[in-house]
Amino acid sequence: MLRPLMSVAALELRTRLRDGTALVVALIVPIALATLFGLALGGDDPPLRATIGFVDLDRGEFSASVRREVMSNEQLKGTLTLRELPSRQEAQRSLDAGDIGSAIVFPQGFTKSVGAGSGGQVAVLTSAESPLAGVVANAIVDRISSVVDARTLAVRAALAYGVAGDRVKELVERNGAAGPGLSLADDPMEGGKIDLSVYYGSGMAALFAFFVVGASFRSLLTERRQGTLNRMRAGPIPQWTPIAGKALVGFGLGVVSVVATWASSSLIFGTSWGDPVAVFALLVAHVLAAAAITMLVASRAKTDAQADGVTMVVSFVMAFFGGSLVPLYNLPGFLQKVALLTPNGWTSTGLIRLAGSGGGLTTVIVPIGVLCAIALVAGGLAAAGFRKGLLG
Amino acid sequence: MTATLACTGLSKRFGDVLAVQDVGFAIAPGEAYGLLGPNGAGKTTTISMLVGLLKPATGNVTVCGTDLAAEPLAAKAKIGYVPQEIALYPELTGRENLRFFGRLFGLPRRELAARIDEVLDLVGLSDRADGKLGTYSGGMKRRINIGAALLHRPEVLILDEPTVGVDPQSRKAILDGVERLVADGMALLYTSHYMEEVERVCDRVGIIDHGRIVAEGTRHELVAMVGSADTIELMLDGDVDGAFDKLQALEGVVEAVRTGTGSVRLLAEGGRYVLPAIITAVDGRATVTAVEVIEPDLEATFLHLTGSKLRD
């Protein structure tokens, strides 16, 4: 039972290595493309250097809290500078002169107004010349707004229940209802900051896994055309032996390909994809899913040329929508949801989590589970297709 | 005695087409059986069911008493199958091809190496064994194609059109080799478009047409089915209906059949001697534009039973 299987696998491996396609598709092209993309687009996003004007006409708790949080935030150190300005007019002049990128203006009586339950408005001045500084200023003000809304609501509620005006402030703060403290969260992107060389390295690995395993299943159709598949099947071997032998080689080469791309990316760019055990498990699950999908294509294709074409289309569609060619966070919201219909999307999501969070196997247990489920469903459909077609 | 290869009631349908219906025959040890039929008659479908590539809708196959459906691996281990096409790997050498297919039959390494040498000697390719198959001539490929089916010393060899497209020298080598195997006691199922090959190699012949075995027997038994009468094929121009009526009534004509708009087939005793009377009978009604006299042989029997020539 095992000997025929190993004979088929050995012949497949030998054929793939002899004609050079395995080396080119599994190693040279994905590593070269991952390296080129990494060199061209790699590294972190361009560092933000923004100076934001800070006009504090309030001189109260709120403005002091914002100033304190911004100045002490580790993420913003060295990238964001607050410049104190005396008035809104001065802030506008500095903005027009390009001395600052945006400005936040706390009006007089802001803290008092919020404390009385009347809310308050913080103004943001922005310039088209410095869009990033404007985004940062607006993000800070958004945080302030939510705190203000909560505190206003709490004060109004206290007053409505007959709490004396001079006791409201003390009651609200004692009960922790929207204190003046403002905390700025870290990078809002799941998984934290990822070097783009990791994105493109994993993307190329995920894309080429389809081609590598697909070539083995395509060769089943070539063998059917040249009659060798039927000749094998006429021998005393289980019907699944030719498919299993080729699947074994395709899967093995696929794993070698993704691991080599991972290793080269890490060595060339000095980046880490995350916990090695978890990365390996995730990549193996991806190759498994890719193998099942390309097997499904081969089970339904009539000729090897048709299988080639369909595999190519499927691979690129999965790669694009799954974040292998364009980082997931650059895709519009609905496409980010579509990405989760593809194995590449789950592989990208898992690798982002691993690279960003430093987590282990448990971090990617869901993506691995989904990839295995995809493999199971596609593999089942492929088996049914083979029974009707190649083995029918 | 248990037949080496036996099938009964084999049927197979592809969509609306009933490709094979109720086919059955048995081949004794050391017997050579020929399966003759025009293109599309059901020969390859029958063979595909015999070697386990297609599952029959009805019927069963046994190889040396082993049921193919119940014990497929054991039954297949006794069959040597030579497909119609060159089912080999062109990028491998002749020896590598033989080694690969020998391994599928589970031959131990050392035994396999010895068998490969024997088979290469048998097919006359020992000196070219290590050349790439892609560089072989058509005849050499055919010989390796047969050799790959002999490695495991099968009980029955199934050859599906083994001499298609080969040069006369290779054809002779193949037929000589096949005759030696049969003489050594191997059972043989042989299909071919070449009637003379079947007449030379096979002890018994089954004629298959439209998916059915329409006749079966030794060469003599089959030829006797059309008696001693010659078959005369006529092409007529003019009043064919009037001429046909005259021909039917002609003395010596056993049977007359309209086979086309202007074509008539006659079965006549001593056909060559009846020809002048035939020409006279149609004279004035039609003109004979072509005539062919076929003496009783397997070809004539085939024509008589299937209505078409083997290579049509």
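The sequence lines fix the lettering, A, B, ..., with proteins before strands; numbering per chain opens at 1. Computed over heavy atoms, backbone and side chain alike; hydrogens, waters and symmetry mates excluded.
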Check each atom of [X] against the heavy atoms of chain A and say whether the ones under 4.5 Å are side chain, backbone, both or neither.
{"X": "B/F101", "value": "side chain"}
{"X": "B/N97", "value": "neither"}
{"X": "B/A75", "value": "neither"}
{"X": "B/P83", "value": "side chain"}
{"X": "B/A74", "value": "neither"}
{"X": "B/I86", "value": "backbone"}
{"X": "B/E85", "value": "side chain"}
{"X": "B/F105", "value": "both"}

Practice item. Could you give me the CA-CA distance, side-chain angles and deciding distance for B/Y190 and B/E197, then say whether side chain to side chain donor-acceptor pair (under 3.5 Å) is met? Key: CA-CA 9 Å; B/Y190 193 98; B/E197 285 182 10; 2.6 Å; yes

Testing the basics here: between [X] and [Y], what is the closest heavy-atom pair and its distance to 0.1 Å?
{"X": "A/S265", "Y": "A/W273", "value": "OG-NE1, 3.3 Å"}
{"X": "B/D160", "Y": "B/T191", "value": "OD1-OG1, 2.9 Å"}
{"X": "A/R224", "Y": "A/K302", "value": "NH2-O, 2.6 Å"}
{"X": "A/A206", "Y": "A/N344", "value": "CB-ND2, 3.8 Å"}

Check your understanding: Given the options B/G106, B/G52, B/A148, which has more heavy-atom pairs under 4.5 Å with chain A than any of the others?
Key ->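 Most heavy-atom pairs within the cutoff with chain A belong to B/A148.
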
Point to revise | Most contacts with chain A, counted as non-hydrogen pairs under 4.5 angstrom, among B/E96, B/E91, B/K78 | key: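 Highest number of heavy-atom pairs under 4.5 Å: B/E96.
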
Check your understanding: Taking only heavy atoms into account, what residues of residues 9-18 of chain A are found under 4.5 Å from chain B?
Key -> A/L11, A/R14, A/T15, A/R18

Exercise for review: Applying salt bridge (charged side-chain N to carboxylate O under 4.0 Å, His left out), name anything that partners B/D130, two or more places apart in sequence or on another chain.
Suggested key: B/R95

Exercise for review: Find out whether A/V29 and A/F211 are in side-chain contact, i.e. whether some heavy atom of one side chain is under 4.5 Å from a heavy atom of the other.
Suggested key: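 No. Closest side-chain heavy atoms not under 4.5 Å.
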
Check your understanding: Would you say the side chain of B/L104 lies within less than 4.5 Å of the side chain of A/M232, judging by non-hydrogen atoms?
Key -> yes

**Study point:** Those residues that, when tested against A/F217, pass ring pair (Phe, Tyr, Trp, His ring centres under 6.0 Å) (two or more places apart)
**Key:** none

Using distance only, find each side-chain donor-acceptor pair of residues 26-35 of chain B under 3.5 Å and give its atom names and separation, not counting sequence neighbours.
| unit_1 | atom_1 | unit_2 | atom_2 | d |
| --- | --- | --- | --- | --- |
| B/E31 | OE1 | B/A28 | N | 2.8 |
| B/E31 | OE1 | B/R204 | NH2 | 3.3 |
| B/E31 | OE2 | B/R204 | NE | 2.4 |
| B/E31 | OE2 | B/R204 | NH2 | 3.4 |
| B/Y33 | OH | B/E216 | OE2 | 2.6 |

Practice item. Kindly assign one of parallel, tilted or perpendicular to the pair A/F37 and A/Y200, based on the angle between their ring planes and the thresholds 30° and 60°. Key: parallel

